S.K.: 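Got a structure for you, questions after.
Treat the numbers as computed from the prediction; the structure is a model and nothing was measured. Basis for what follows: all heavy atoms, side chains included, without hydrogens, waters or symmetry-related copies. Just so you know, ligand 1 is whichever comes first in the structure, and atom 1 is the first atom listed for that ligand.
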Amino acid sequence: MRPDALNPYFAAVTDLSGIGPKLARPFGRLLGRPEGARVLDLLLHLPSSTLDRRARPTIAQLAAGDLATLRVHVDRHVPTPPGSRAPYRVYAHDETGDLALIFFAADRRRMEHMLPVGEDRWVSGTVQMYDGLPQIVHPDRVLDDAGIARLPPVEPVYPLVEGLGQGHVRRAIAGALQKTGPLPDWGSLPGAPEFHAALAGIHQPQDTADATPAGTGWRRLAYDELLAGQLALALVRARTVRKTGRPVTGTGVLTAKLLQALPFALTSSQETALEAIRADLGSGNRMLRLLQGDVGSGKTVVALLAAATVIEAGHQAAIMAPTEILARQHLKTIAPLAEAAGIRVAVLTGREKGKARGALLDALMQGEIDLVIGTHALFQEGVGFRDLALAIVDEQHRFGVHQRLALAAKGEAVDVLVMTATPIPRTLVLTYFGDMDSSELREKPKGRKPIDTRMVAMDRLDEVIARLGHALQEGRRVYWICPLVEESETSDLAAAQERFEDLRQHFGAAVGLVHGKMKGAEKDAAMAAFARGETRILVATTVVEVGVDVPEASIIVIEHAERFGLAQLHQLRGRVGRGDVASTCLLVYRRPLGEVARARLEALRESDDGFFLAEKDLELRGEGDLLGTRQSGLPGFRVARLEVHGDLLERARAEARAVVAADPDLLGERGRALRLLLHIFERDVAVKLLEAG
Ligand code: ADP
Ligand code: MG
């Protein structure tokens, strides 16, 4: 239930005077609420820039491009001659020079009324120079002395959509500010203006700085938004943690066997991560930990050893991968080790059907399987465990939070370990995962050779193909990643098909193809043929992007590299460099290469540190895109900009924790005010959680 205090904020924009049914649609589009925008949406529609009308230059001081507001004496009108398309001109002067005012399709009567000859007027607009004479084409304001006194010194400029002008938006926002008022104080940054005052300060700025993200009003709103997010996370967390308390301690028996079966020693980051995980498992709190590490940093082994701990204690574990290929890949890595240790492993994906599936589900339910590896199929109805204690989710951001919760709900007090190969910058971990703990595998396993990364323009594709010919003769294996086509999966496929046929012309049967539209068995067959070396060039759409492990592959060609994100390119590149030969990554781009795309490719050429690249990606793209907000369902921000307000996150997080510790049900005076905040920034899922008890 939304508190009544918020009613004016949640009223429909069409309740404001001046916004009739005709404007409802464009405002709906502008504010991203086609079903009906609200006053609050309007108030949170912040300016993209400002017009500063405080500068009062003389004519002699004018320079082209200035936004100037000046007082001039009107000398004469030169109306458009009949039948001509020449503009209507008005000449004016001040004590320093002459100025021309230019109007197209002007009405003489109106012009004479607006700029009477012999009188003084204020004009405001953007200056141009024409034959050495300053002129203003269609001044945005022409005012007398009384009018200028009422003109706001600084005017905000808003993002628009078709069908709306600045005037519409400014008037609507002014109306919205009048309709709404101060709210009970939920506590914000010290010295910050009150919530409603902060909005007013941004929309009716006294200074250009007031309407920028760095201004005090905007900072306050950004903090509010971050606080709302952190508070929601903290509330969810407090509620999940509170219900749990099943410490799990392993005997170390299976772990010892696994370590013995491993052909290598763990890196020290793997050791550290495992210690943290075991401590979480052993504690009374529910584990919620993020395991971040570049492709090839060895997360799977960590996952297996974590699973071993709960299996030693007599429980079950599950690993959930985003794709069929990945689930099977994990199985391939894990099965021989598990066998050596005596851990019973099974795989469950959409492909297990009929009797076999039934038997598998029974075995899971009976506890005859210790570790199950699978896809989305794992959290479907009908899948039950005897005693699931640990859920490991690979490649987190492809799954929504609710899917993670659905898997965790399959057991009692299930500990959750989330693995991601796309390192997430610290600020984003805080934003999206809040209180989630994090372990990072920053160290690469020993013996990895650096990958030689190069940029090649598309028009040199012939050379690339010629070089591949040599490489094949040396027995090397090549991934050829086909362009990501935005429009549809079908065109993705067509591009891959075309490249496949083209390469076949050169290399015959050595070329294989794998794409997302293939059936599971076909995909496996294509991958297997490549892994065995029957095909030596594998043309692939991005389905093969993650996880796939063919150590013999030492060249990757990425076509249309400029269309991929930095994180994705880094992932793709991680397909090679896993064996003992030096590997090469060719980033094939089409000219002209945009500035940001170039910066991205260059960053990739210079670094193979996923954590560094993730920070770089954030810098280049802004946070919205980084995690693929749309696919992941992660909420974006309306007001906060992490590149400007990132410093406020830590503070918001600490504050949220303190609030939840002191008033876990938000029942105190401040707590009740904070509920308003949760509604304002649409974190009311957390409010529902409170109300559910
Ligand atoms: P990730 O899942 O992080 O991409 P994997 O777990 O698939 O990485 O590991 C990549 C490869 O590195 C695998 O072949 C794995 O056996 C190997 N590996 C993992 N840990 C180590 C280690 N400490 N030393 C050497 N090789 C390792
Ligand atoms: Mg992996």
S.K.: Please compare Lys444, Lys299, Gln329 and report which has the shortest non-hydrogen distance to atom 1 (P) of ligand 1.
M.R.: Lys299
S.K.: Does ligand 1 have a heavy atom under 4.0 Å from the side chain of Gln270, from its backbone, from both, or from neither?
M.R.: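 Gln270 to ligand 1: side-chain contact only, backbone stays beyond 4.0 Å.
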S.K.: Provide the number and element of each atom of ligand 1 under 4.0 Å from a heavy atom of Thr267.
M.R.: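 Reading through ligand 1 atom by atom, the close ones are 23 (N).
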S.K.: Distance-only, no hydrogens or angles: does the Arg386 side chain make a donor-acceptor pair with backbone N or O of Ala363 under 3.5 Å?
M.R.: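 Between the backbone of Ala363 and the side chain of Arg386 there is no qualifying donor-acceptor contact (under 3.5 Å).
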S.K.: Which atoms of ligand 1 are found less than 4.0 Å from any heavy atom of Ala265?
M.R.: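 Taking each heavy atom of Ala265 in turn, ligand 1 has 22 (C), 23 (N), 24 (N) under 4.0 Å.
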S.K.: Is a side-chain donor or acceptor of Glu312 paired with a backbone partner of Thr251 at a separation under 3.5 angstrom?
M.R.: yes
S.K.: What atoms of ligand 1 come closer than 4.0 angstrom to any heavy atom of Asp294?
M.R.: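 Near Asp294, meaning under 4.0 Å from one of its heavy atoms, ligand 1 has 3 (O).
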S.K.: Using a 3.5 Å cut-off on N or O atoms only, is Thr333 in polar contact with ligand 1?
M.R.: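 No, since none of the N or O atoms of Thr333 sits under 3.5 Å from an N or O of ligand 1.
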S.K.: Out of curiosity, is Gly293 lining ligand 1, as in a heavy atom under 4.0 Å away?
M.R.: no
S.K.: Can you confirm, on distance only, whether ligand 1 has an N/O atom lying under 3.5 Å from any N/O atom belonging to Gly298?
M.R.: yes
S.K.: Donor-acceptor pair, Asp394 side chain versus Met320 backbone, under 3.5 Å?
M.R.: no
S.K.: Tell me, please, which residues at least two apart from Ala528 pass side chain to side chain contact (heavy atoms under 4.5 Å, CB included).
M.R.: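 Scan of Ala528 (side chain to side chain contact (heavy atoms under 4.5 Å, CB included), adjacent residues dropped) gives Arg532.
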S.K.: What pairs meet the salt bridge (charged side-chain N to carboxylate O under 4.0 Å, His left out) rule with one or both residues in residues 254-268, with sequence neighbours excluded?
M.R.: none
S.K.: Ion pair present between Lys444 and Asp294, side-chain N to carboxylate O less than 4.0 angstrom?
M.R.: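 Result for this pair is yes, salt bridge flagged.
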S.K.: I'd like to know if the side chain of Arg573 and the backbone of Leu604 have a donor-acceptor N/O pair within less than 3.5 Å.
M.R.: yes
S.K.: Without swapping roles, check the side chain of Thr535 against the backbone of Ile537 for a donor-acceptor pair under 3.5 Å.
M.R.: no
S.K.: With a heavy-atom distance limit of 4.0 Å, tell me whether Pro551 approaches ligand 1 through its side chain, its backbone, both, or neither.
M.R.: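 The answer is neither; Pro551 stays 4.0 Å or more away.
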S.K.: Could you see which bit of Thr300 sits under 4.0 Å from ligand 1, with heavy atoms only: side chain, backbone, both or neither?
M.R.: both
S.K.: Does an N or O anywhere in Phe264 fall below 3.5 Å from an N or O of ligand 1?
M.R.: no
S.K.: Should you measure from each heavy atom of Leu266, which atoms of ligand 1 turn up under 4.0 Å away?
M.R.: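 The list of qualifying atoms is 23 (N).
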